[in-house]
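One-based numbering, in listed order, for ligands and for the atoms of each. Everything quoted here is computed from the prediction, not taken from an experiment.
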Amino acid sequence: MIIAMGNDHAAVEMKNDIKAYVESKGYEVIDFGTSTGESCDYPVYGEKVGRAVASGKADYGIAICGTGIGIGIAAGKVKGVRVCTCSEPFSARMSRRHNNTNVLTFGARVIGVEMARMIVDEWLDNQYEGGRHQRRVALLGEIENR
Ligand code: RB5
């Protein structure tokens, strides 16, 4: 399993921690940066993560900025990407089970690293349930085609 990761300058430390954590869980990580605290533009990194997932280069993506919002909006612009931006584990779990989200984002200025790890655990350890949810997830894809 390959996870694409990306972040802006607000989330370098958080990205480094979560990257090591995800690797310790047995995942391979493609790190699209940024790796320095120099000010940069979150849409660039959100798009990189989104494209890696949409193209199949990565199975899932995790993207982090100050709030998780901007980088989530950016990743979600890529066709085929379903983003979960969240600050607690319940939404992360349900977004995998019901919405088949394939990119997770959160904010380094919003939550601490222990909460981030908990969110990552719930998101990675839960599977899409399909069934009644599939029609709705398919409808999301249809929006992209209109
Ligand atoms: C950068 O200052 C900040 O705007 C960015 O990290 C993020 O929070 C945007 O959504």
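Side-chain contact between Ile64 and Ile71 is absent, with no heavy-atom pair separated by less than 4.5 Å. Residues Tyr21 and Asp121 meet the side-chain proximity criterion, which asks for heavy atoms closer than 4.5 Å. Using a 4.5 Å heavy-atom threshold, the side chains of Phe106 and Met14 count as touching.
Contact shell of ligand 1 (protein heavy atoms, cutoff 4.0 Å): Asp8, His9, Ala10, Tyr42, Cys65, Gly66, Thr67, Gly70, Arg109.
Asn99 pairs by the side-chain hydrogen bond (donor to acceptor under 3.5 Å, both in side chains) definition with nothing, not counting sequence neighbours.
Aromatic ring pairs are classed by plane angle as parallel below 30°, tilted from 30° to 60° and perpendicular above 60°; the pair His133 and Tyr128 is tilted.
In terms of heavy-atom proximity, Val49 sits nearest to Met5 at CG2-C, 3.6 Å.
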